[in-house]
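As structure tokens, the structure follows; a few thoughts come after it.
Residue numbering restarts at 1 for every chain, and letters A, B, ... go by the order of the sequence lines.
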2 protein chains.
Amino acid sequence: MKYWEDFAVGEVIELGSCPITEAEVLAFARKYDPQPFHTDPEAARRSIFGGLIASGWHTCALLMRLSVDADPLEEEAATGSPDLDSCRWLKPVRPGDVLTGRTEVLETWPSRSKPIGFIRRRNELINQHREVVVSVVGITMYQRRPAAAA
Amino acid sequence: MKYWEDFAVGEVIELGSCPITEAEVLAFARKYDPQPFHTDPEAARRSIFGGLIASGWHTCALLMRLSVDADPLEEEAATGSPDLDSCRWLKPVRPGDVLTGRTEVLETWPSRSKPIGFIRRRNELINQHREVVVSVVGITMYQRRPAAAA
């Protein structure tokens with residue numbers, strides 16, 4: 001397992017890549033974010049976006065999935081997230097894009113009351129043109145190495 | 001249409017309610033956030049959460065859906081979101097919960113370059129015990145009333 005103690009400030013972790021298809025953009029948006037520029041290709045063409053774009057929540061969900069899949073040893077010690085500090089949807093994500101995840105450890109501190117530690121990290125999603133499309137700064141909780149927590 | 005000019009600082013808008021089922025919690029998490037406390041009822045029972053909880057991204061997606069459905073006249077003028085300032089997952093959301101949305105307008109300002117305006121709003125999801133479970137502060141863009149923008 002990768003425990004809280006095993007993260008270093010400044011560490012950068014590559015999270016792998018995934019494509020996003022029009023069918024997925026439409027399915028997510030019809031269920032959770034049915035605005036015309038996410039659900040209707042024709043209406044989207046007439047919108048300020050000039051074409052269909054993915055729901056911002058969909059892009060965050062894909063970044064989460066990349067993050068979970070990236071390192072099973074890290075995931076085993078992860079115990080959720082209390083907060084995000086910020087989320088920036090910097091560029092539209094469009095069907096056919098290929099998205100790559102990257103995370104950077106910004107800060108680490110232990111819990112005073114529980115055998116866990118906190119990590120502030122910046123998670124980014126980058127498209128095939130090397131543009132950062134989503135940047136999320138948030139806190140993730142990890143279990144502490146048993147000897148250290150005791 | 002409810003244009004940017006039609007929002008007032010301090011305005012509170014009720015967004016309606018929706019239930020969340022175990023099947024939905026599992027389906028979302030298996031696709032986007034496959035951590036055991038979201039995808040495996042038995043593993044979740046042994047976790048610090050003591051039972052299955054919804055992915056935080058799932059709770060945000062449900063809040064988005066309530067927000068889109070709440071007012072078609074408002075939705076018609078909405079043109080997406082550039083950022084969130086913060087997102088706090090204050091309490092776990094569990095299968096069987098009934099979630100109610102509420103939004104408060106915190107600040108409004110016009111774009112200097114486009115016929116749109118910005119609204120900073122706090123969106124909250126409240127459970128059947130009247131506990132705020134998710135609180136998101138973010139910016140939404142709306143079209144301006146045509147005469148005012150000209």
Hydrophobic cluster membership, B:V134 vs B:I20, 4.5 Å side-chain cutoff: yes
Minimum heavy-atom distance A:D83-B:W89, with the two atoms named: N-CE3, 4.1 Å
Part of B:A29 within contact of chain A (heavy atom distance under 4.5 Å): neither
Which atom of B:L84 lies closest to which atom of A:W57, heavy atoms considered: CD1-CH2, 3.5 Å
Those residues of residues 34-46 of chain B, ordered by number, that approach chain A below 4.5 Å (heavy atom to heavy atom): B:P34, B:Q35, B:F37
Transitive ILVMFWY side-chain link B:V93 to B:I53, under 4.5 Å: no
Under 4.5 Å from a heavy atom of chain B, the part of A:S86 involved: both
Hydrophobic cluster identity match, B:V68 and B:Y3, side-chain contacts under 4.5 Å: no
Aromatic ring pairing A:F28/B:Y32, orientation class (parallel under 30°, perpendicular over 60°, tilted between): perpendicular
Atom pair CG/CG of B:L63 and A:D33 - distance to nearest 0.5 Å: 11.0 Å
Pick from A:L90, A:D85, A:V136 with the largest number of heavy-atom pairs that fall under 4.5 Å of chain B: A:D85
Linked, directly or transitively: A:F49 and A:L125 (ILVMFWY side chains, under 4.5 Å): no
Interchain contact, B:K31 with chain A, by part (heavy-atom threshold 4.5 Å): both
Part of B:S47 lying under 4.5 Å from any heavy atom of chain A: neither
Neighbour count >12 (heavy atoms, 6.0 Å) for atom CZ, A:R122: no
B:K2 atom NZ, neighbour heavy-atom count above 12 within 6.0 Å: yes
Spatial distance of atom CE (A:M141) from atom CD1 (B:I48) [nearest 0.5 Å]: 5.0 Å
Within one Ile-Leu-Val-Met-Phe-Trp-Tyr cluster: A:V98 and A:L62, side-chain cutoff 4.5 Å: no
